[in-house]
Visitor: 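Mind having a look at this structure? Questions to follow.
Just so we're on the same page: letters track the sequence lines, and every chain starts at 1. Note that these values count all heavy atoms, side chains included, but never hydrogens, waters or copies made by symmetry.
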Amino acid sequence: MSEEKSLNFIEEIIEADLAAGKHKSILTRFPPEPNGYLHIGHAKSICLNFGLALKYGGATNLRFDDTNPVTEDTEYVDSIKGDVQWLGFQWANEFYASDYFEQLYAFAVKLIEKGLAYVDDSTSEEIATQKGTPTQPGVRNQYAERSEAENLQIFADMRAGKYADGSKVLRAKVDMASPNMLLRDPIIYRIKHAHHHRTGDAWCIYPMYDFAHGQSDSIEGITHSICTLEFIPHRALYDWLIEQLEIFPSHQYEFARLNMTYTVMSKRKLLQMVNEGHVESWDDPRMPTISGMRRRGYTPKSIRDFCDRIGVAKRENLIDLSLLEFFVREDLNKTALRRMAVLDPLALEITNYPEGQVDMMQSENNPEMPETGEREIPFSGTLWIEREDFMEEASKKWFRLAPGSVVRLKSAYIVRCTGFEKDADGRVTKVLAEYIPESRSGSDTSGVHAKGTIHWISAAHAVQAEVRLYDRLFKVENPAAEEGDFKSYINPDSLQVIENAYIEPALTAAKVGDHFQFIRKGYFTLDAVHSNASKLVFNRTVTLKDNWAKEQKK
RNA sequence: UGACCCAUGGUGUAACGGUAGCACUACAGAUUUUGGUUCUGUCUGUUAAGGUUCGAAUCCUUAUGGGUCAACCA
């Protein structure tokens, strides 16, 4: 197979490095901070990092960037591990930046000894003003002149807990006039008397990101450290520290993060959605989190395929939600078992069907996979059909039920609509029809052609269930880019709860994690949180494509 | 009014100096016991201006547009 798929720019770099003998094999890492749940943007990074290692025969570490104890928690560590595995990836090593605290401390000492770091007693405001602005160089203060011995002593005292939070910081001595603000003597250690989720109270000073991430990469021997665009300016510091510390030269490469229409993709914003009650939780099925998507019914494969298709580049992007939906439909169409469910019930009475008779109909579980066989569905003279499948006055384009029209009841008989009943408010309460006995599915000798096929549930056998329909979380394509508070663009109709839907009996065997196509309605899965033995709750993963709905909009 | 990054159809991504392709979307048609699936077809693109070259989306210059950077966050 000479399937030639073009390489993304990172793959080109890796192939060049491998060809030049720069590395014998590659080592990547996925480095989340355990301060929130993973979202689809992280999935892109996960697929990239693990995918690269898989493709080039390398390995990937899972490394938690846990250098800020006040925001981090083991709850997040557990969810992140679960999400990565659910996506289908296995890390070579589970590491934590906090594993390296002792080593990092030694690195800082080395920097002091080289005259490249100093303890600064300034307040954060003073440091900020002394830093200057992007257009004005910063100025170094008197603390930069401290002796090596003094710096070493104070830094040791900082570690020993002799100083209060915020009273002192350790700064790298780089270049206060650099046009790159990150090189203006960046803070590399700060005092935080806080309990760390792993090291407990062993430390009261913690390294900053810039003094932990690159060093951790280096310690692990990461060959290609891949991160998002906003870290581009950090690369100069990343390289400077590796050079001064004389450690393994990991290299950082940056790609554009994923953005998607009608949602937000920052942990901070997602946390707000949760904290302010706009959604149920981090795993609310409307959230773009991995856990939310899992609960909604997305499959790992659909997410991987999506990440594969969107590519990796350096330009800002805003991916259409429809692309993600395409991949779930593609996967679920092939794998989901077909079932019938009526979401908005309307009675259909077959007036010529023998009173009290029940027939068992056979219906394929999945036409795309004949090996999944068939199931039996009870049929009787009193059915529930979808209210939207009946129309009092139909146009020539209408294929469904209307007075005088003929439709196929899926996997059962063809019926002819003979009339309907209304209540005092003019609301249709019942549709009347006659069935054609010779038209039974599989042995149809009637010669009658029905243009439309509709789904149904035998009223006497119907099982009641709750069905939750989801729509886009926001009303605008890019809420983060709009004026004002992004939350003012929340779609108030993103969740519709249908309490009284009717489902076919076979669905009572549904288990969490099963995927179904409710014929003509979409793909559904059991809600892992709200569903229980006495009350089945289904989430709609995504609708089916609906050309009729499009036709109607014209 | 500094530095850095980026610029290809509606969206995303290829083409590595030699015919602008692929996917999604949209549209049209065929098939269909899901108005699903499948199949066929159609529309839409190199930000601009110069330059180098036999030849430029690609290299150079300038402009324009977008993004990033002044957290003891990552």
Visitor: Within the 4.0 Å heavy-atom criterion, would you say Phe326(A) contacts the bases, only the backbone, or no part of the nucleic acid?
Guide: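 Sugar-phosphate contact only.
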
Visitor: For Glu15(A), enumerate each residue passing the side-chain contact (heavy atoms from CB on, under 4.5 Å) test, keeping only those at least two apart in sequence or located in another chain.
Guide: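 By the side-chain contact (heavy atoms from CB on, under 4.5 Å) rule, Glu15(A) matches Leu7(A), Tyr56(A).
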
Visitor: Can you tabulate the close N/O pairs, meaning under 3.5 Å, that link protein atoms to atoms of nucleotides 39-42 of chain B?
Guide:
none

Visitor: By the salt bridge (Lys or Arg N to Asp or Glu O under 4.0 Å) test, which pairs, at least two apart or in different chains, include something from residues 171-192 of chain A?
Guide: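 The answer is Asp120(A)-Arg171(A), Arg140(A)-Asp185(A).
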
Visitor: For U58(B) and C6(B), measure between their P atoms and round to the nearest Å.
Guide: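 After rounding to an integer number of Å, I get 15 Å for this pair.
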
Visitor: Is Gln517(A) touching bases, backbone alone, or none of the nucleic acid, heavy atoms closer than 4.0 Å?
Guide: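 Touches a base.
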
Visitor: What is the nucleic acid contact for Ile414(A), judged by heavy atoms within less than 4.0 Å: base, sugar-phosphate only, or nothing?
Guide: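 Nothing, no heavy atom under 4.0 Å.
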
Visitor: What about Gln552(A), does its side chain sit under 3.5 Å from the base of G35(B) through a donor-acceptor pair?
Guide: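 By the distance-only test, no, there is no pair.
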
Visitor: Would you tell me whether His455(A) and Arg338(A) have side-chain atoms, one donor and one acceptor, within less than 3.5 Å of each other?
Guide: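 Not at all, the side chains of His455(A) and Arg338(A) share no donor-acceptor pair under 3.5 Å.
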
Visitor: What pairs with Tyr37(A) under ring-ring contact (aromatic ring centres under 6.0 Å, His included), at least two apart in sequence or on another chain?
Guide: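 So Tyr37(A) forms a ring-ring contact (aromatic ring centres under 6.0 Å, His included) with Tyr76(A), Trp282(A).
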
Visitor: Please determine whether any donor N or O and acceptor N or O are separated by less than 3.5 Å between the side chain of Ser441(A) and the base of U33(B).
Guide: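 Yes.
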
Visitor: Treating primed atoms plus P, OP1 and OP2 as sugar-phosphate and everything else as base, which nucleotides of nucleotides 67-74 of chain B get B, S or - for protein heavy atoms under 4.0 Å?
Guide: S-SB-BSB

Visitor: Applying side chain to side chain donor-acceptor pair (under 3.5 Å), can you list everything that pairs with Ser411(A), at least two apart in sequence or on another chain?
Guide: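 Applying side chain to side chain donor-acceptor pair (under 3.5 Å) to Ser411(A) gives Ser363(A).
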
Visitor: Please name all residues satisfying ring-ring contact (aromatic ring centres under 6.0 Å, His included) with Tyr189(A), sequence neighbours left out, ordered by chain then number.
Guide: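 Here the qualifying residues are Phe155(A), Phe211(A).
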
Visitor: Of the nucleotides U34(B), A15(B), U11(B), which one has an atom closest to the side chain of Asp320(A)?
Guide: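 Output: U11(B).
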
Visitor: Please list, chain by chain and in numerical order, all residues satisfying ring-ring contact (aromatic ring centres under 6.0 Å, His included) with Phe255(A), sequence neighbours excluded.
Guide: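 Counting only residues at least two positions away or on another chain, Phe255(A) forms no ring-ring contact (aromatic ring centres under 6.0 Å, His included).
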
Visitor: Closer than 4.0 Å, any side-chain N/O of Arg338(A) to the OP1 or OP2 of U34(B)?
Guide: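 So the side chain of Arg338(A) is outside the cut-off, no N or O lying under 4.0 Å from OP1 or OP2 of U34(B).
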
Visitor: Find every protein N or O atom lying less than 3.5 Å from an N or O atom of nucleotides 27-29 of chain B, and list the pairs.
Guide:
from: A28(B); atom 1: OP1; to: Lys554(A); atom 2: NZ; distance (Å): 3.2
from: A28(B); atom 1: OP2; to: Lys554(A); atom 2: NZ; distance (Å): 3.4

Visitor: Looking across every strand, which nucleic acid part, if any, lies under 4.0 Å from Val70(A) by heavy atom: base, sugar-phosphate, or nothing?
Guide: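 No contact.
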
Visitor: Name all pairs fulfilling the salt bridge (Lys or Arg N to Asp or Glu O under 4.0 Å) condition that reach into residues 442-452 of chain A, sequence neighbours left out, sorted by first residue then second.
Guide: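 Passing the test, one end in residues 442-452 of chain A: Arg408(A)-Asp444(A).
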
Visitor: Which value, in whole Å, describes the distance between the C1' atoms of nucleotides U44(B) and C54(B)?
Guide: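 Result for the C1' pair: 32 Å, nearest Å.
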
Visitor: Closest to the Pro367(A) side chain: G35(B), A15(B), U34(B)?
Guide: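 Of the candidates, U34(B) comes closest.
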
Visitor: Might you confirm whether atom CZ of Arg416(A) has over 12 heavy atoms from other residues, nucleotides or ligands at distances under 6.0 Å?
Guide: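 Counting other residues, nucleotides and ligands, CZ of Arg416(A) stays at 12 neighbours or fewer.
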
Visitor: For Asn365(A) and Arg339(A), which I'm curious about, is there any donor-acceptor pair between the side chains at under 3.5 Å?
Guide: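 Yes, a side-chain donor-acceptor pair sits under 3.5 Å.
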
Visitor: Report the secondary structure of RNA chain B in dot-bracket form, marking unpaired bases with a dot and bases paired to a different strand with |, and treating Watson-Crick or G-U pairs with both distances under 3.5 Å as paired.
Guide: .((((((..((((....[..)))).(((((.......)))))....(((((..]....))))))))))).....

Visitor: For His515(A), which residues count as a ring-ring contact (aromatic ring centres under 6.0 Å, His included) partner, sequence neighbours excluded?
Guide: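 Partners of His515(A) under the ring-ring contact (aromatic ring centres under 6.0 Å, His included) test: none.
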
